[in-house]
Amino acid sequence: MQNYLDGLNAQQLAAVQHIDGPIMIVAGAGSGKTKVLTTRIAHLMKNGVDPFNILALTFTNKAAAEMKERVEKALGNTEARNLYIGTFHSVFARILRAEATRLGYPSNFTIYDTDDAKGIIRSIVKDMNLDDKHYKPAFIYNRISAAKNGLVDAATYRNDTHIQQEDARSNRPLLADIYDTYSKRCFKNGAMDFDDLLFKMYVLLTNYPEALAKYQGRFRYILIDEYQDTNVAQYAIIKMLGARNENICVVGDDAQSIYSFRGATVQNILQFQDDYEDAVIIKLEQNYRSTQTILQVANNVIGNNANQIPKELWTDNAEGEKILLARTMTDNDEGKFVADAIKEQQMRNHYANKDFAVLYRTNAQSRAFEESLRRLNIPYKLVGGTSFYQRKEVKDYLAYLRIIVNPQDEENLKRIINYPARGIGKTTIERVIVRADQLNTTFWETIANPEIDGLRSSHTDGFVMMINSFRTMLEKQNAYDVAFAVGKHTGLVQELYNDKTVEGVARYENVQELLNSIKEFTETPDEEGELHDKSLGSYLQQITLLTDADQDKGVDADAVKLMTIHAAKGLEFPCVFAVGLEENLFPSSMSLYDRADLEEERRLFYVAITRAKHRLWITYSNSRYRFGSLVQNDPSRFIKEVPPAYLDTTFTGTGNRPAGNTSSFGSMFNQSFDNIPSLKKLADKLAAPKPAAHTPSPDFVQDDATAMDAGMQVEHQKFGFGKILTVEGGTANRIASIDFGPAHGVKKIMLNFAKLRIVKS
DNA sequence: GAGCGATTAATTTTT
DNA sequence: TTAATCGCTC
């Protein structure tokens, strides 16, 4: 085996070989950060540190998995399995599970995701007879989340004059009450939300010195990835855990801090030296990823931000291609431009599908790219977005599993007590809640305890018996066996199976997929030296902390990746498209009036740029659909921050140029595609109308679809002038055949969706 | 209590 | 445009 220290530059080597004492590694984009971290862990172990004493914290499960894999590789053995590597949330969840009883929680506590939490807040707001348009659940959730991440509990929140003034100013004086009720409700339900996993960990270490001592003794070497994204709670926890030995190694890049909306504070990285006076600071400034051009552009862009640790990234790599800037007319054109460009690059430079990434600001932007990629038969993979675990049918199923493990959990209990329908309606549920409150007990106790009378019925008794029968399975049977029984005996699977609509079939498949994943869980050997706990409780504990990005099914597949820039952090691709560079979108309209917010958007742009190894495209569109109506945006201010010398502006033509049809390769593909009639039909269905050389009249206004009829002359935004031949279909779904002349021929247009102007009726 | 149609609200980013 | 909630009817 090659020496694991080979191939490190001087700074990297210094960082790796530093063993004891605090160290901060300021690692610019593409400077080999993960390599340093993993090599450092290997080095610690080679120097006699017990892997059992090493804790490495990351932000994503993916990063944790990668780190573990690379350490194993560097070591060439399986010693790494005793390492404690994981996300903040999953590591703390595991510790809290072991220590739960100290804090009064069941060890099988439920973890609420954001939707669960918002649901509870919504019901509290309702109970308090407040207007949920003013007391918006999402807003309140963020407020509570921010409080917890700042280590402010409900009581402190109420007594903090500054916070109270703020809430009074926004006319939401009852937020403190809501926070208080919310916390109590979660506690009563035996549940923690994401922020509790940090907050309660802090409480545990603060209030229970023996717990603190135990984990300080265990974690003698602590490594933190993406330190710039830590919040106050994480900071405090790390500080406490590391206080005994101060063997803390943090790695981060202030220029890539993009999570302040979630409470992260760059302050943590900026003040590391103040916290640890003898801290060693090492800067990694050589970039191994990108071309000179890409790096210069990135440096220039980030230079517009005021607050940062001074550093200058440089590279030995080739100068590379210019950055390609492209302007299109619509969002669909943008999608098409990108798909065409990918096809063209594949032909010219033999890139594989997986060499491309399309990075956007918001998930909602993915659609146009999906359509155009599908149209050109380019495989793609959507990373992130609505999580599998957020789908209704999956949540329903999981709700059953959760209350079996933790029947205290009222929210999940209410969710499925009458699904599938079993005659326990709103009225019954209301009564039970009232009764439970009177008796100061839980919902479950109220229906399950035979001593409590007057509310139970054959319906509730049947339900309780069923749940209890599952509960008896918990000890002896693994997660899959229980889950399977649930699907069978609740009628859940049958219910979905009976639904033969397209959506119904998809739901059924999703539930099958869920069962498969549970099965996979029970059959995968445990890592990290943990006991072989294949129980349902163990499964549920980790499932909430997983996101789609972590499922990594097909992540390695040869497909173009579509994702938000946030999701792309830490990744790299030979070819990157940074799309939607428009004011109000990127930078987001939410961030335009605050300097700090704007700088965060700029860092986000910096992250997008620095994902690229060889080639980078920046695209923007004149107009795009939002809420189904067309909006116009100016080009993003960030575009002006790219020095013109590095830009290829061939595709930004002014005015009328049909921006979508930009490459000869692109149109060639369309033609060959169109020659296959069956495929063309499919493509027409899937894709938006192709852009063509028609420029809409300056006074183009979309006319009311119901006014259209046969014989009229109309103008289409893309196809130009035409004559309506026939109109078929009912009022809701009228389809017109319109002759657009030799250039486009006869098109069938759905009047509901088409943008048509009546020229002559 | 269940099912259907109508109204409305939402789009920033995620563990 | 879509998803989710509301309210009405059976």
Side-chain angles (χ1 to χ4, degrees), chain A residues 57-64 86-93 111-115 117-119 122 126 132-133 136-139 141-142 145 148-149 192-199 226 229-231 233-234 257-264 331 359-368 383-387 389-392 418-430 459 503 542-550 563-569 580 584-592 597 600-601 603-605 607-608 624-631 688 732 752-753:
Chain A
L57 294 172
T58 66
F59 275 83
T60 64
N61 296 294
K62 199 164 51 181
T87 64
F88 281 92
H89 289 83
S90 69
V91 167
F92 295 170
I111 298 175
Y112 283 154
D113 66 19
T114 311
D115 289 336
K118 282 181 193 162
R122 185 172 291 112
K126 219 175 206 172
D132 71 351
K133 296 205 177 67
K136 284 193 192 132
F139 177 88
Y141 174 78
N142 285 332
S145 173
K148 284 185 190 170
N149 286 326
M192 295 195 197
D193 65 18
F194 285 147
D195 305 311
D196 282 331
L197 294 176
L198 307 180
F199 189 55
E226 310 279 12
D229 287 330
T230 51
N231 59 36
Q234 287 160 330
S257 160
I258 55 175
Y259 280 106
S260 80
F261 69 93
R262 220 167 67 195
D331 45 0
L359 307 183
Y360 35 76
R361 179 70 236 276
T362 68
N363 277 307
Q365 287 166 256
S366 68
R367 200 147 109 199
V383 181
T386 329
S387 161
Y389 297 104
Q390 280 170 5
R391 290 167 204 272
K392 186 183 173 301
N418 200 34
Y419 177 77
R422 52 174 71 87
I424 307 176
K426 239 185 196 157
T427 337
T428 314
I429 294 174
E430 286 299 317
H459 296 305
E503 304 86 42
Q542 52 174 280
I543 205 70
T544 318
L545 299 172
L546 283 184
T547 63
D548 255 13
D550 303 316
M563 65 185 102
T564 64
I565 300 167
H566 282 88
K569 196 175 70 162
N584 297 317
L585 181 63
F586 194 11
S588 151
S589 54
M590 312 288 287
S591 65
L592 294 181
D597 288 347
E600 176 144 322
E601 295 283 311
R603 291 194 293 269
L604 199 52
F605 184 43
V607 168
R624 68 175 61 241
Y625 278 93
R626 214 173 183 185
F627 305 115
S629 64
L630 206 59
V631 293
N752 282 351
F753 301 111

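Convention: sequence-line order gives letters A, B, ...; per-chain numbering from 1.
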**Q** By side chain to side chain donor-acceptor pair (under 3.5 Å), which residues pair with A:Thr87, not counting sequence neighbours?
**A**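 By the side chain to side chain donor-acceptor pair (under 3.5 Å) rule, A:Thr87 matches A:Ser90.
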
**Q** Could you pick out which residue, A:Ile424 or A:Phe59, lies toward the 5' side of DNA chain B when each is mapped onto its nearest nucleotide?
**A**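 Counting from the 5' end, the first nearest nucleotide belongs to A:Ile424.
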
**Q** Figure out the NZ/P separation between A:Lys62 and B:dT15, and round it to whole Å.
**A**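 These atoms are roughly 9 Å apart.
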
**Q** Check the distance between B:dT14's P and A:Lys118's NZ and give it to me in whole angstrom.
**A**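 Nearest whole value for this atom pair: 12 Å.
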
**Q** For A:Asp331, which residues count as a side chain to side chain donor-acceptor pair (under 3.5 Å) partner, sequence neighbours excluded?
**A**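 Checked A:Asp331 against side chain to side chain donor-acceptor pair (under 3.5 Å); zero matches.
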
**Q** A:Asp113 near the nucleic acid: base, sugar-phosphate alone, or nothing, with a heavy-atom cut-off under 4.0 Å?
**A**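 Here A:Asp113 touches no strand at all.
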
**Q** Please pick, from B:dT15, B:dA2, C:dC6, the nucleotide with the shortest atom-to-atom distance to any side-chain atom of A:Lys126.
**A**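 So the side chain of A:Lys126 is nearest to C:dC6.
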
**Q** Provide, to the nearest angstrom, the distance between the NZ atom belonging to A:Lys148 and the C1' atom belonging to B:dT14.
**A**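 Checked: the NZ to C1' distance equals 16 Å.
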
**Q** I need the CG-P distance between A:Asn231 and B:dT14, as an integer number of Å.
**A**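 Distance check: A:Asn231 CG to B:dT14 P gives 17 Å.
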
**Q** Who are the ring-ring contact (aromatic ring centres under 6.0 Å, His included) partners of A:Tyr360, not counting sequence neighbours?
**A**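 Not a single residue meets the ring-ring contact (aromatic ring centres under 6.0 Å, His included) criterion with A:Tyr360.
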
**Q** When the distance from CG of A:Asp195 to P of B:dT14 is rounded to whole Å, what number comes out?
**A**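 Those two atoms, CG and P, are 16 Å apart.
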
**Q** Can you list the residues that meet the ring-ring contact (aromatic ring centres under 6.0 Å, His included) rule with A:Phe59, with sequence neighbours excluded?
**A**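 If we apply the ring-ring contact (aromatic ring centres under 6.0 Å, His included) test to A:Phe59, skipping adjacent residues, the hits are A:Phe88.
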
**Q** Within the structure, does a side-chain N or O atom of A:Thr427 lie under 4.0 Å from either OP1 or OP2 of B:dG1?
**A**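 Answer yes for this pair, as a side-chain N or O of A:Thr427 is under 4.0 Å from OP1 or OP2.
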
**Q** Can you sort out the partners of A:Lys133 under side chain to side chain donor-acceptor pair (under 3.5 Å), two or more places apart, ordered by chain and number?
**A**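 Scan of A:Lys133 (side chain to side chain donor-acceptor pair (under 3.5 Å), adjacent residues dropped) gives none.
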
**Q** Are there over 12 heavy-atom neighbours, none belonging to A:Lys118, within less than 6.0 Å of that residue's NZ?
**A**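 Enclosed: over 12 neighbouring heavy atoms sit under 6.0 Å from NZ of A:Lys118.
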
**Q** Would you mind building the protein contact string for nucleotides 6-13 of chain B? One character per nucleotide, 5' to 3', B for base within reach (heavy atoms under 4.0 Å), S for sugar-phosphate only, - for untouched.
**A** ---SB-BB

**Q** So how far is it from A:Met192 CE to A:Lys148 NZ, rounded to the nearest 0.5 Å?
**A**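 The distance works out to 10.0 Å.
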
**Q** Whole angstrom is fine here: how far is it from CG in A:Asp132 over to C1' in C:dC6?
**A**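 Rounding to the nearest Å, CG of A:Asp132 and C1' of C:dC6 are 12 Å apart.
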
**Q** Are A:Asn418 and B:dA2 close enough that a side-chain N or O sits under 4.0 Å from OP1 or OP2?
**A**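 Yes, A:Asn418 has a side-chain N/O under 4.0 Å of OP1/OP2 on B:dA2.
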
**Q** Can you check the A:Gln390 CD to B:dT14 C1' distance for me, whole Å?
**A**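 Distance check: A:Gln390 CD to B:dT14 C1' gives 10 Å.
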
**Q** Please report, rounded to the nearest Å, how far the P atom of C:dA3 is from the CG atom of A:Asp115.
**A**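 For the pair A:Asp115 CG and C:dA3 P, the rounded distance is 14 Å.
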
